[in-house]
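All figures in this text were calculated on a predicted structure; none of them were measured in a lab. Chain letters run A, B, ... following the sequence lines, proteins first, then strands; residues in each count from 1.
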Number of protein chains: 2
Amino acid sequence: MPTPTTKRDDVLGSALTLFAERGFDATTIPMIANDAKVGAGTIYRYFDNKEMLVNTLFQHYVTLFREALEKGYPGESGIREQFHHLFQGMIRFTNEHDHALYFIKTHTSAYFLDAESREQFSHLLMIFETFFEEGKKHDDIRPLPSKALIAIIFGSFLQLYQLVRAGELEATEELLAGVEESCWDAVRRHS
Amino acid sequence: MPTPTTKRDDVLGSALTLFAERGFDATTIPMIANDAKVGAGTIYRYFDNKEMLVNTLFQHYVTLFREALEKGYPGESGIREQFHHLFQGMIRFTNEHDHALYFIKTHTSAYFLDAESREQFSHLLMIFETFFEEGKKHDDIRPLPSKALIAIIFGSFLQLYQLVRAGELEATEELLAGVEESCWDAVRRHS
DNA sequence: ATAACAGGAATGAATATTCATTCCGCTTTT
DNA sequence: AAAAGCGGAATGAATATTCATTCCTGTTAT
């Protein structure tokens, strides 16, 4: 006996993949219905409209991601530990929710996001912002605006992940460790 | 006396801005026509259809960007000089063609790009690839796949530029120099 | 010099297509 | 048997594309 709201989850799953692969505007409701093996009308049983659907999806994964980063955060350890935790968090989250991070990133400044979605997203950024601000205070992190540092980490990671998804690169332990080191060198203060 | 094909250029200019700001699918032909102060039909005098238009635009700017990077490339200087040239090239190009790099980046893996566009784009990447391969040979660059290194540089730069466009960050000389240094530290081999 | 004219350029209303959303009959559950 | 869940055809609005017509600009004839 499948879980009660299997259909709803099927829709969300298909929507995530399609939105990540083709973007919101290029993804049609019939496409989603088809991929989810569900009637087009069924989608409207669970979501008022396409925008509600995308906002639900966005908030869901932003929240999940934030929780993944916060869980087990080594607040008392050294800064390199903390960075490791955050970076590994991105990797783990990406592995568990294949298209989620990419979807989030490519839709962060979309015109159809509602206030709640933007709110949730800024909460997410705050984790990184706090980390960097603290690090700069102790001269462990480069004296660049935190927003810029975040852009460097996220930009690098997601661009890389895009390659992995496209099959142009394999995400081995070794590669990921190397990229983490590279990103760390990008943001840390060099003496 | 205006240049003969002003209209065509007007269309391309408006299309660049709108595609960069809203994406291909969210931009309608009437929007472009309106912005370019041109009849909708006029667009079809110059371009077979919307996809031809976007491919023309893409190839145009990819080529321009490539030329900007190749021009004055200090092939004989040290690797740091070469990196500086490439990075400055990205900045200069971005300044000269406001939305071009962002448009290129956000559309590089779009479903509507034709073979020629993809071809041109891979030429562009090859400049960076060559640079990194050479650098790795001399142990100046981290032993990571060149594709990954490219992702780090492009990802960082474009994510950052997005912030600048959104008005969340000001692109001062100081910031750009700092980011260049950060990117260099991300890709160079540390002893 | 002026007046008709030719032909490419431009227009925007009309048409064809695509898409979000709705609706209604069928199926499953209670 | 009623209610809830579902599918997918039907609808109407939005959009890409076409096309009949108008507008220029330069050329030729008077």
Side-chain angles (χ1 to χ4, degrees), chain A residues 1-60 103 106-107 110-114 116-117, chain B residues 1-60 103 106-107 110-114 116-117:
Chain A
M1 201 77 349
T3 321
T5 51
T6 277
K7 302 263 171 188
R8 192 187 124 107
D9 289 345
D10 290 348
V11 169
L12 284 172
S14 294
L16 174 64
T17 306
L18 289 165
F19 286 158
E21 280 175 354
R22 323 187 20 118
F24 177 78
D25 291 296
T27 302
T28 70
I29 291 286
M31 266 181 213
I32 297 172
N34 182 62
D35 189 272
K37 296 185 174 63
V38 143
T42 303
I43 292 179
Y44 288 85
R45 286 196 59 71
Y46 296 108
F47 307 97
D48 286 351
N49 52 46
K50 199 182 168 188
E51 298 210 350
M52 279 292 189
L53 169 57
V54 76
N55 275 285
T56 300
L57 203 58
F58 188 85
Q59 287 163 220
H60 176 70
F103 161 70
T106 49
H107 293 80
Y111 61 91
F112 46 75
L113 286 192
D114 61 24
E116 179 62 17
S117 293
Chain B
M1 201 78 349
T3 319
T5 51
T6 277
K7 301 265 170 185
R8 193 186 125 106
D9 289 346
D10 290 349
V11 169
L12 284 172
S14 293
L16 175 63
T17 305
L18 288 165
F19 286 157
E21 279 175 355
R22 326 191 15 121
F24 176 77
D25 291 293
T27 302
T28 70
I29 291 286
M31 265 180 214
I32 298 171
N34 182 60
D35 189 90
K37 294 183 174 62
V38 142
T42 304
I43 292 179
Y44 288 87
R45 286 198 58 72
Y46 296 108
F47 308 98
D48 285 350
N49 50 45
K50 199 182 167 189
E51 298 209 351
M52 279 293 189
L53 168 58
V54 76
N55 275 285
T56 300
L57 203 58
F58 188 85
Q59 288 163 222
H60 176 71
F103 161 71
T106 49
H107 293 79
Y111 61 92
F112 46 74
L113 285 193
D114 62 24
E116 178 62 17
S117 293

Review point. Rounded to the nearest 0.5 Å, how far does OG1 of A:Thr106 lie from CZ of A:Arg22?
Key: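 Here the interatomic distance stands at 13.5 Å.
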
Point to revise | Distance, nearest 0.5 Å, that separates CD1 of B:Ile43 from CD1 of B:Ile29 | key: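 It is 5.0 Å, given to the nearest 0.5 Å.
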
Using whole Å, report how far [atom1] of [X] lies from [atom2] of [N].
| X | N | atom1 | atom2 | result |
| --- | --- | --- | --- | --- |
| A:Lys37 | D:dG7 | NZ | P | 12 Å |
| A:Phe47 | C:dT22 | CZ | C1' | 18 Å |
| A:Ile43 | C:dT21 | CD1 | P | 10 Å |

Review point. Is there a donor-acceptor contact under 3.5 Å from the side chain of A:Lys7 to the main chain of A:Tyr46?
Key: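 Not at all, since once roles are kept as given, no pair shorter than 3.5 Å links the two residues.
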
Check your understanding: Hey, does the side chain of B:Asn55 reach the backbone of B:Phe112 with a donor-acceptor pair shorter than 3.5 angstrom?
Key ->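 Yes; at least one donor-acceptor contact below 3.5 Å.
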
Practice item. Tell me, please, which residues at least two apart from A:Ala20 pass side chain to side chain contact (heavy atoms under 4.5 Å, CB included). Key: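 A:Ala20 satisfies side chain to side chain contact (heavy atoms under 4.5 Å, CB included) with A:His99, A:Tyr102, A:Phe103, A:Arg165 only.
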
Study note, to complete from the structure: A correct 5'-to-3' footprint of nucleotides 15-20 of chain C, with B, S and - meaning base, sugar-phosphate only and no protein heavy atom under 4.0 Å, is ----SS

For nucleotides 8-13 of chain D, tabulate all protein N/O to nucleotide N/O atom pairs closer than 3.5 Å, reporting atom names and distance.
| from | atom 1 | to | atom 2 | distance (Å) |
| --- | --- | --- | --- | --- |
| D:dG8 | N7 | A:Ala40 | N | 3.4 |
| D:dG8 | N7 | A:Gly41 | N | 3.3 |
| D:dG8 | O6 | A:Gly41 | N | 3.2 |

Residues 12-19 of chain B, side-chain donor-acceptor partners within the protein, below 3.5 Å, at least two apart:
| from | atom 1 | to | atom 2 | distance (Å) |
| --- | --- | --- | --- | --- |
| B:Ser14 | OG | B:Asp10 | O | 3.3 |
| B:Ser14 | OG | B:Asp35 | OD2 | 2.6 |
| B:Ser14 | OG | B:Ala36 | N | 3.3 |
| B:Thr17 | OG1 | B:Gly13 | O | 3.2 |

Exercise for review: Taking side chain to side chain donor-acceptor pair (under 3.5 Å) as the test, write out the residues that go with A:Glu21, two or more places apart.
Suggested key: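 Applying side chain to side chain donor-acceptor pair (under 3.5 Å) to A:Glu21 gives none.
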
Practice item. Classify the ring geometry between B:Tyr111 and B:Phe24 as parallel (under 30°), tilted (30 to 60°) or perpendicular (over 60°). Key: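 Rings of B:Tyr111 and B:Phe24: perpendicular, as their planes differ by over 60°.
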
Using a cutoff of under 3.5 Å, can you pull out all pairs of nitrogen or oxygen atoms linking the protein to nucleotides 2-4 of chain D, with atom names and distances?
none

Check your understanding: Is there a side chain to side chain contact (heavy atoms under 4.5 Å, CB included) between B:Val11 and B:Thr42 once you walk through the steps?
Key -> CA-CA 9 Å; B:Val11 169; B:Thr42 304; 5.6 Å; no

Point to revise | Any donor-acceptor N or O pair under 3.5 Å, side chains B:Asp114, B:Ser117 | key: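 The answer is yes; a qualifying pair exists.
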
